[in-house]
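Here is the structure we will look at, set down as structure tokens.
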Amino acid sequence: MRIRFGYVAISLDVPEGTPNKTISVKASEKITNKDDRMSRLRRIMLVNLETTLRILRYNAASGIHLYRFTSKLVPLATHPLAAGWDYIAAAGTKWRDIGDYIRKNSMRVSAHPDHFTLLNSPKPDVLAASLADLDYHVRIFEAMGIEALPSLVLHVGGLYNDKLTALARFTENFVQLPERLRRRIMLENDDKIYTAKDVLGLCEELGCPMVLDIHHHRCNNAGEHLQDLWPRIAATWSSVLPKIHVSSPKNQTDLRAHADYVDLADVRPFINLATKTNLDFDIMVEAKQKDKAMFQLVEDLVAEPGVRRSGQATVEIADLLGRG
DNA sequence: TCGTGTCAAGATCTT
DNA sequence: AAGATCTTGACACGA
């Protein structure tokens with residue numbers, strides 16, 4: 001069984017490896033001349049795209065096949081201040097260059113619209129803003145020429161006092177999404193409201209892939225066991241390999257926050273149970289120490305019996321019969 | 001230059 | 001009804 005590893009947005013091993021450069025609304029409002037303001041936004045975007053390309057080159061050189069883009073590539077992308085700005089055209093061939101590089105190196109990329117993107121909000125303006133944010137993400141994926149596979153991770157959203165109603169509203173809004181948005185979406189269990197079981201039921205109903213977050217599952221579950229859920233979760237992935245998120249609690253009192261590194265003990269039980277199904281999958285490491293944490297986890301894993309390295313960020317796990 | 005409060009966006013709990 | 005908190009990393013500003 002093969003497992004590939006990836007990390008989120010920022011590389012700590014790449015000099016100036018943060019693609020999150022931005023500008024505050026207040027600061028941009030101080031630039032009164034509109035051309036100047038847009039040119040400032042454009043310069044920031046170009047730096048972010050350049051940084052992203054440098055990160056991808058580092059990923060390729062380091063055998064990393066999995067990477068999550070920052071959602072902040074385009075500063076103020078969906079803010080009224082930038083309304084009408086064609087940030088795709090404003091970057092010339094940069095989007096396409098990034099996409100070409102990704103294709104050439106067979107990378108799997110994703111993004112995670114942040115927690116303001118809520119498809120189950122009862123407020124029309126919040127829903128509209130969420131659609132605009134999804135549209136932004138899809139536009140940049142399209143501009144890169146990345147195949148329309150599930151690649152945008154979303155949570156189900158708020159509780160709004162009643163889980164069943166909130167889930168029904170999610171479904172209602174989801175099925176009305178334009179196809180080009182809907183087919184890019186995958187759903188993740190969260191650490192407070194929607195458990196892995198909740199999200200699995202939703203994903204099965206909607207034909208949507210489910211990203212299992214094993215840390216969130218530990219924070220938020222109703223006693224379900226992952227060995228029972230995993231085969232069904234894996235079955236929600238038809239076109240691509242299943243993907244899971246891993247992280248460790250920051251400390252004993254702050255269990256939901258992410259730690260600098262990932263403790264192998266938090267991941268090993270899941271890998272053991274996944275070995276029974278013997279299906280390959282990808283692991284996105286969510287840790288403060290980013291790519292350093294990802295490599296550390298790989299190191300810790302390959303030190304275990306029955307695990308061998310098959311790339312700098314890929315491992316091969318022997319199945320129960322000792323093969324592999 | 002450095003440290004720290006602030007920051008586009010929502011939801012939820014507390015008062 | 002209003003305010004605090006959640007959460008994150010970078011900005012922005014003042015010392």
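Per chain, numbering begins at 1; letters A, B, ... match sequence-line order.
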Compare the minimum distances between each of [options] and the side chain of [X], then state the nucleotide with the smallest one.
| X | options | value |
| --- | --- | --- |
| A/Lys21 | B/dT12, C/dC11, B/dA11 | C/dC11 |
| A/Thr22 | B/dA11, C/dC11, B/dA9 | C/dC11 |
| A/Leu118 | C/dC11, B/dG10, B/dA9 | B/dG10 |
| A/Arg40 | C/dA12, C/dG9, B/dG10 | C/dA12 |
| A/Thr78 | C/dA10, B/dA8, B/dA11 | B/dA8 |
| A/Ile10 | C/dA12, C/dG9, B/dT12 | C/dG9 |
| A/Arg256 | C/dT7, B/dA8, B/dT12 | C/dT7 |

- request: Would you please say whether a donor-acceptor pair under 3.5 Å links the side chains of A/His137 and A/Ser71?
  value: yes
May I ask you to evaluate whether [X] reaches the phosphate of [N], defined as a side-chain N or O under 4.0 Å from OP1 or OP2?
| X | N | value |
| --- | --- | --- |
| A/Lys72 | B/dA8 | no |
| A/Thr18 | C/dA10 | yes |
| A/Lys192 | B/dG10 | no |
| A/Ser121 | B/dA11 | yes |
| A/Lys26 | B/dC7 | yes |
| A/Lys288 | C/dG9 | yes |
| A/Ser24 | C/dA12 | yes |

What interatomic distance, in whole Å, is found between [atom1] of [M] and the corresponding atom of [N]?
| N | M | atom1 | result |
| --- | --- | --- | --- |
| B/dT6 | C/dG3 | P | 15 Å |
| B/dA11 | C/dA10 | P | 26 Å |
| B/dT12 | C/dG9 | P | 23 Å |
| B/dG3 | C/dT8 | P | 23 Å |
| B/dA8 | C/dG14 | P | 16 Å |

Most 5' of A/Asp191 and A/Ala27 on DNA chain C, judged by nearest nucleotide: A/Asp191
- prompt: Which whole-number value in Å describes the distance from A/Asp260 CG to C/dG9 C1'?
  reply: 14 Å
message: Between P on C/dA10 and CG on A/Leu12, what's the gap in Å once rounded to a whole number?
response: 10 Å
message: For a quick check of understanding: with a heavy-atom distance under 4.0 Å over all strands, which category does A/Ala129 fall into, base, sugar-phosphate or nothing?
response: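 Nothing, no heavy atom under 4.0 Å.
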- prompt: Contact class for A/Leu81 vs. all strands (heavy atom < 4.0 Å): base, sugar-phosphate, or nothing?
  reply: nothing
- prompt: Does A/Phe116 lie flat on the base of B/dG10, that is, centres under 5.5 Å apart and planes under 30° off?
  reply: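 Base of B/dG10: not stacked against A/Phe116.
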Heavy-atom check, side chain of [X] versus side chain of [Y], under 4.5 Å:
| X | Y | answer |
| --- | --- | --- |
| A/Glu50 | A/Pro19 | no |
| A/His65 | A/Arg4 | yes |
| A/Trp230 | A/Phe270 | yes |

- prompt: A/Asn221 side chain to A/His217 main-chain N or O, any donor-acceptor pair under 3.5 Å?
  reply: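 Yes.
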Flag, side chain of A/Tyr67 to backbone of A/Asn59, donor-acceptor distance under 3.5 Å: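 Not at all, since once roles are kept as given, no pair shorter than 3.5 Å links the two residues.
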- request: Could you tell me whether A/Arg169 sits above the aromatic face of A/Tyr160, with NZ or CZ closer than 6.0 angstrom to the six-membered ring centre and within 45 degrees of the axis?
  value: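 Judged by the rule, A/Arg169 and A/Tyr160 form a cation-pi pair.
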- prompt: In dot-bracket, 5' to 3', how would DNA chain B read with Watson-Crick or G-U wobble pairs under 3.5 Å, [ ] for crossing ones and | for pairs to another strand?
  reply: |||||||..||||||
message: So that I know where these two stand, are A/His155 and A/His112 an aromatic pair - ring centroids less than 6.0 Å apart?
response: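 Between A/His112 and A/His155, which both carry aromatic rings, the centre distance is below 6.0 Å.
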task: For residues A/Phe69 and A/Phe141, establish whether the separation of their ring centroids is below 6.0 Å.
output: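 Yes, close enough.
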